[in-house]
Amino acid sequence: MPELPEVETTRRGLEPWVSGKKITRITIRQASLRWSVPEKKIQLLRGQVIHRVSRRAKYLLFHADPGVLLIHLGMSGSLRILETHQPPQPHDHVDIHFGNLCLRYRDPRRFGAILWATDPQHHPLLEPLGPEPLSEQFDGAFLFRRSRKRKVAVKNFIMNSRIVVGVGNIYASEALFMAGIDPRRPAGRISLKRYMKLAGAIRQVLTSAIEAGGTTLRDFVGSSGNPGYFSQELNVYGREGQPCPRCGGAIQKTIIGQRSTFFCRMCQR
DNA sequence: ATGGTCCCCTGACCGC
DNA sequence: TGCGGTCAGGGGACCA
């Protein structure tokens, strides 16, 4: 999946195409995603105008008068704008038509979700989420405070969406490298000073990825239909055995919380 | 509350 | 070229 920068890039790409536009038709070919797509509720959108597209964590929110369409891209989802007559390809599960344009959802692995919320503020998936990493509430003091007495590895801690949203597996490794913190270190045993550095690194890595239009590894296709081009900027992710850009030592790979983790033993303590 | 594990699904890739 | 095994960026549901 798209990490947060890809989701934000998608949002920005879609917004001008769908904001203020009226939905003329919705086609659901495959309702079996992570959760079953609630077809009846979603059909309420027919004839309605999408007022704006916002984002909370990695969920995209399409706002209309009767409610909000929530879309999560999972690991392999993408959204793109097409002309309505374009025939669907395999894994193109849902079309939302706006006259002669079509917003098409594709998701080969079907880990994504399309849901309906009348009150997104209190939706069970959104309510428990921590702050946005690019918001003012998120800083080193916040991470320090929330981490006291916690034994979980700091990488898991920053990937926990109840703590802070939007830090996926790639950028967790990248931010910890930038901050010089060993990803295996217990979250509760890291100083305020180091958390300030980590919070800054998280902001920076996400911001620069958004500016670059999002990282692309395998599955992401931008809303323009063109793949991104940022993966070569990664310092440690996917670089096991290659030289650390800072000290030249070999990048290590380990598994933390069932996920691949890359770091430099010399630079990260 | 916290921490750890499991899994939804398909496709890409690697070694034989 | 085919085949089987392994792995993948998310993250909710469970369990102890």
Side-chain angles (χ1 to χ4, degrees), chain A residues 1-10 29-37 55-60 70-79 89-93 105-115 123-130 133 145-176 183-189 202 205-206 209-210 212-222 227-241 253-262:
Chain A
M1 146 174 231
E3 292 226 15
L4 183 132
E6 286 84 347
V7 179
E8 178 60 21
T9 298
T10 297
R29 290 179 211 86
Q30 168 65 276
S32 171
L33 301 181
R34 176 163 194 169
W35 295 281
S36 188
V37 177
R55 178 186 60 73
R56 176 72 176 106
K58 294 176 184 171
Y59 291 90
L60 290 166
L70 296 181
I71 298 185
H72 196 292
L73 301 176
M75 291 234 280
S76 57
S78 63
L79 285 166
Q89 303 297 307
H91 312 300
D92 284 346
H93 305 313
Y105 176 83
R106 174 180 299 179
D107 187 1
R109 289 176 73 180
R110 292 193 276 131
F111 281 14
I114 298 184
L115 298 167
H123 188 279
L125 291 174
L126 302 183
E127 175 117 65
L129 295 175
R145 182 162 26 90
R146 295 297 307 272
S147 62
R148 292 310 86 185
K149 297 182 181 168
R150 296 195 63 158
K151 294 172 183 161
V152 69
V154 61
K155 177 169 178 262
N156 284 344
F157 179 71
I158 60 172
M159 289 180 68
N160 180 345
S161 64
R162 289 168 182 258
I163 302 300
V164 57
V165 302
V167 183
N169 199 42
I170 295 177
Y171 296 128
S173 280
E174 293 297 313
L176 287 161
R184 302 165 297 183
R185 178 175 285 272
R189 296 182 41 224
I202 289 170
V205 77
L206 294 176
I210 289 169
T215 300
T216 293
L217 295 184
R218 291 187 191 85
D219 292 312
F220 178 71
V221 177
Y229 39 78
F230 191 56
S231 52
Q232 69 278 8
E233 304 279 332
L234 300 176
N235 284 308
V236 290
Y237 187 86
R239 296 183 173 274
E240 182 183 17
K253 176 181 174 179
T254 185
I255 303 292
I256 298 177
Q258 340 262 95
R259 306 197 101 88
S260 296
T261 304
F262 298 85

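The CZ-P distance, from A:Arg109 to C:dG9, rounds to 8 Å in whole Å. C:dA8 atom C1' lies 11 Å from atom CD1 of A:Ile255, rounded to whole Å. One can place CZ of A:Arg184 at 18 Å from P of B:dG3, the figure rounded to the nearest angstrom. Between the CZ atom of A:Arg106 and the P atom of B:dG11 there is a distance of 11 Å, rounded to whole Å. Per the geometry, CG belonging to A:Asn160 stands 9 Å off P belonging to B:dT2, to the nearest Å. The CD atom of A:Glu8 sits 22 Å away from the P atom of C:dG9 (whole-angstrom rounding). Here B:dG3 presents its P atom at 15 Å from CD of A:Gln258, a figure rounded to the nearest Å. What separates CD of A:Glu6 from P of C:dA8 is a distance of 17 Å, to the nearest Å.
When heavy atoms are screened at a 4.0 angstrom cut-off, A:Arg34 is found touching base atoms of the nucleic acid. Within 4.0 Å (heavy atoms only), A:Leu33 reaches no atom of the nucleic acid at all.
Closest contact between the side chain of A:Tyr237 and the listed nucleotides C:dG9, C:dG10, B:dT10 involves C:dG9. With distances taken from any side-chain atom of A:Glu3 to the nucleotides C:dC7, C:dG10, C:dA13, the minimum falls on C:dG10.
Taking every heavy atom of both residues into account, A:Ala113 and A:Tyr105 meet most closely at N-OH, 3.8 Å.
Applying the Watson-Crick and G-U wobble criteria (two distances, each under 3.5 Å), C:dG4 pairs with B:dC14. Under the Watson-Crick and G-U wobble criteria, each requiring two contacts below 3.5 Å, nucleotide B:dC9 is left unpaired.
Place A:Ser32 and A:Arg148 on DNA chain B by their nearest nucleotides, and A:Arg148 ends up nearer the 5' end. Take the nearest nucleotide of DNA chain B for A:Arg259 and for A:Arg146: the residue whose nucleotide is more 5' is A:Arg146.
Under a cut-off of 6.0 angstrom, the local environment of CZ in A:Arg29 is crowded, with over 12 non-hydrogen atoms contributed by other residues, nucleotides or ligands.
Of the residues in residues 150-159 of chain A, A:Met159 come within less than 4.0 Å of DNA chain C through at least one heavy atom, sorted by number.
Phosphate contact (OP1/OP2 of C:dG12, side-chain N/O of A:His72, threshold under 4.0 Å): absent. The shortest distance between the side-chain N/O atoms of A:Lys253 and the OP1/OP2 oxygens of C:dA8 is below 4.0 Å. Side-chain nitrogen and oxygen atoms of A:Tyr171 include none within less than 4.0 Å of the OP1 or OP2 phosphate oxygen of C:dG10.
Taking the 5.5 Å centre cut-off and the 30° plane limit, the aromatic side chain of A:Phe111 is classed as stacked on B:dC8.
A side-chain donor-acceptor contact under 3.5 Å links A:Arg239 to the backbone of A:Leu234. Using modelled atom types, no side-chain atom of A:Arg185 and backbone atom of A:Ala187 make a donor-acceptor pair closer than 3.5 Å.
A:Asn169 is listed as a side-chain neighbour of A:Tyr237, based on a closest heavy-atom distance under 4.5 Å. For the pair A:Leu73/A:Ser78, no side-chain contact is recorded, criterion being any heavy-atom separation below 4.5 Å from C-beta on.
Take A:Tyr59 and apply the ring-ring contact (aromatic ring centres under 6.0 Å, His included) test, not counting sequence neighbours, and it matches A:His72.
Exactly one of A:Lys155, A:Arg184, A:Lys253 qualifies for a side-chain hydrogen bond (donor to acceptor under 3.5 Å, both in side chains) with A:Thr261. That residue is A:Lys155.
For B:dC6 and C:dT6, the P atoms lie 16 Å apart once the distance is rounded to whole Å.
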